[in-house]
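Counting starts at 1 for both ligands and their atoms, in listed order.
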Amino acid sequence: MAKISVFGLGYVGCVGVGCLAKLGHHVIGYDVDANKVNRISKGLPTIVERDVDDLMMDGFNVGRIKATTSTEEAVAQSDISFVCVGTPNAPDGRLNISYLLSAVQMIGKTLRAKSTFHIVVIRSTVPPGTNDIVSTTIEKISGKKAGINFAVVSNPEFLREGMAVSDFLNPPLTVIGSEDKRALKMMHEIYEPLVSEIVEVSPKVAEIIKFVNNSYHALKVTFGNEIGAICKKLNIDSHQVMDLFCRDDQLNISSYYFKPGFAYGGSCLPKDLKGLNFLAQSHQLEVPVLSSIDLSNELHIHRALDRVQQIGVRSVGIVGLTFKAGTDDLRNSAAIQLAEAILGKGCTLRIYDRFLNIAQEKETNLRELNENIPHLLPFLEKNVEDVVAKTKLVIITVRNPEIPDLIRKYPHVHFLDLVRLKDQSVESLPNYEGFCW
Ligand SMILES: NC(=O)c1ccc[n+]([C@@H]2O[C@H](COP(=O)([O-])OP(=O)(O)OC[C@H]3O[C@@H](n4cnc5c(N)ncnc54)[C@H](O)[C@@H]3O)[C@@H](O)[C@H]2O)c1
């Protein structure tokens, strides 16, 4: 079983001490607040939280929990230090990591005299890049080398206050990010008694995931509340609506649509979102979440156009003009908006769209094609390679099985992928660029 020190004995640290002891580890707590150290050293929690009193006393009684006001003692008596100090917002909004750095500096100082390998685990929520900063800070202060004498692991905490003990012991996932194999192995051993999946990722992914999770939780609350406000005006039971909404785990509560890529379009999403915003407006309701979705989508199309302009070539190809793959439907297609904007910038354009070619051959949707995009029809090519061979930049808006080979065959053509082809072999090529990944 591991010997662990916990720096910071607040909500996360106190629960961490109790739960790590419950998993069988020997834990020593440290905090700048002597009162918290005093409580932990008697087996008492520093917070009010369900199940935590018994948890702490059980760990204390079997001799697995103690605390100290000495950082030297905490580091000397452990092989791993979990840092759980606060990271509040600075006045400009960024997370203030000064408490974290102060704790890390204290650990670094103590490591000067330590001859065994030590692991520092960042449990606090921190901005991406903090793992590197912590590593450099420890190297400077301790004179030791990352990867040789010590390692830093990013291991975000997912607990919710009120459910903290149960969340610690049953996390949805355990995320660990480190460049150090020895440290990752040790983390697997520490969490081995938990049944949850342990996922190894890069430190930056481990760091940003908490921002993403909590921002999405905030979005869910405000989305639900805006739906509630609209439903209330219409005398509709919003809880019945949202219960129904949550029962669809194919499209609503699912990974569907959660793929960073290009803007949405089509005949339904833009139309119905406008319809809902109209309902809110007609009841004088301000719904900033719902009313800014369309703006966000428009800005994403502009972002793609900005990138095309930065690349700075005049001859551009587009693969995919319909609003998504598998259909000849052009309504509200973001690719059409992008194509028109590119033409508007004076570029030459060639377009390949397999489904529009089929539509032209079969003469389906002919009226829509002639009425909606008469100005783009002359740019349609029958063959995807013709587009690639005759342009300098190819924008991919739908997946096409021929594209990876063409990326390899035409190294002088730049490919801007808006959908992610998911082909590892081309992602590292210099003429391939992912739009938002
Ligand atoms: N509270 C939650 O529900 C929760 C959940 C997940 C993640 N987090 C993250 O975990 C981190 C800690 O949150 P918290 O709610 O436990 O904070 P907290 O304020 O309850 O506890 C932080 C503790 O760190 C101590 N501290 C400050 N500087 C220190 C130092 N140099 N050395 C040792 N101890 C020091 C403080 O005295 C305090 O006891 C934050 O980054 C937070 O975002 C919190």
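Of the polar atoms of Thr87, at least one N or O is found under 3.5 Å from an N or O of ligand 1, judged by distance alone. Looking at ligand 1, you'll find an N or O of Val12 within less than 3.5 Å of one of its N or O atoms. The shortest N or O to N or O distance between Asp33 and ligand 1 is not under 3.5 Å. At under 3.5 Å, a nitrogen or oxygen of Tyr11, whether backbone or side chain, sits near a nitrogen or oxygen of ligand 1.
Residue-ligand proximity, Met106 to ligand 1, at heavy-atom distances under 4.0 Å covers atoms 30 (C), 31 (N), 32 (N). When each atom of ligand 1 is checked for a heavy atom of Lys36 under 4.0 Å away, the hits are 38 (C), 39 (O). Using a 4.0 Å cut-off to heavy atoms of Tyr30, the atoms of ligand 1 that qualify are 32 (N), 33 (C). Short contacts between ligand 1 and Glu161, defined as distances under 4.0 Å to a heavy atom of the residue, involve ligand atoms 1 (N), 2 (C), 3 (O). Shown in contact with Ser102 at under 4.0 Å from a heavy atom are these atoms of ligand 1, numbered in order with element: 31 (N).
In this structure, atom 17 (O) of ligand 1 lies nearest to the protein heavy atom Gly86 CA, 4.3 Å. At the top of the distance list for atom 21 (O) of ligand 1, counting protein heavy atoms only, stands Gly10 CA, 3.3 Å. In terms of protein heavy atoms, atom 11 (C) of ligand 1 is closest to Val85 O, 3.3 Å. For atom 9 (C) of ligand 1, the closest non-hydrogen atom on the protein side is Thr125 OG1, 3.5 Å. The single protein non-hydrogen atom nearest to atom 30 (C) of ligand 1 is Val32 CG1, 3.7 Å, given as residue, atom name and distance. In this structure, atom 6 (C) of ligand 1 lies nearest to the protein heavy atom Glu157 O, 3.3 Å.
Side-chain contact between Lys210 and Asn214 is present, with at least one heavy-atom pair separated by less than 4.5 Å.
For the atom pair CZ of Arg94 and OG1 of Thr87, the computed distance is 14.0 Å after rounding to the nearest 0.5 Å. Atom-to-atom distance recorded for Asn252:CG and Met242:CE is 8.0 Å, nearest 0.5 angstrom. Taking NE2 of His239 as the start and SG of Cys246 as the end, the distance is 11.0 Å to the nearest 0.5 Å. Considering OG of Ser135 and NZ of Lys144, their distance stands at 14.0 Å, rounded to 0.5 Å.
For His300 and Phe435, the ring centers sit closer than 6.0 Å to each other. The aromatic ring centres of Phe258 and Tyr216 sit less than 6.0 Å apart. When ring centroids are compared, Phe7 and Tyr30 come within the 6.0 Å threshold.
Glu226 and Val289 make their closest contact through OE2-N, 2.8 Å (heavy atoms, listed as atom of the first residue, atom of the second, distance).
Taking the six-membered ring where the residue is Trp, Phe168 and Tyr191 present tilted rings, their angle falling between 30° and 60°.
Residue-environment remark: CZ (Phe211) exceeds the threshold of 12 foreign heavy atoms within 6.0 Å.
Considering Cys84, Gly29, Cys14 only, the shortest heavy-atom separation from atom 12 (C) of ligand 1 involves Cys84. Of the listed residues (Asp31, Thr46, Asn96), the one carrying the non-hydrogen atom nearest atom 36 (C) of ligand 1 is Asp31. Remark: among candidates Leu159, Val37, Ile107, Ile122, the nearest residue to atom 5 (C) of ligand 1 is Leu159, based on non-hydrogen atoms.
Per-atom contact check: atom 19 (O) of ligand 1 does not touch the protein, criterion being a heavy-atom distance below 4.0 Å.
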Under 3.5 Å, side-chain donor or acceptor atoms of residues 39-48 against the rest of the protein: list the pairs with distances, not counting sequence neighbours.
from: Arg39; atom 1: NE; to: Pro45; atom 2: O; distance (Å): 2.6
from: Arg39; atom 1: NH2; to: Pro45; atom 2: O; distance (Å): 3.0
from: Ser41; atom 1: OG; to: Val37; atom 2: O; distance (Å): 3.1
from: Ser41; atom 1: OG; to: Asn38; atom 2: O; distance (Å): 2.8
from: Thr46; atom 1: OG1; to: Leu9; atom 2: O; distance (Å): 2.6

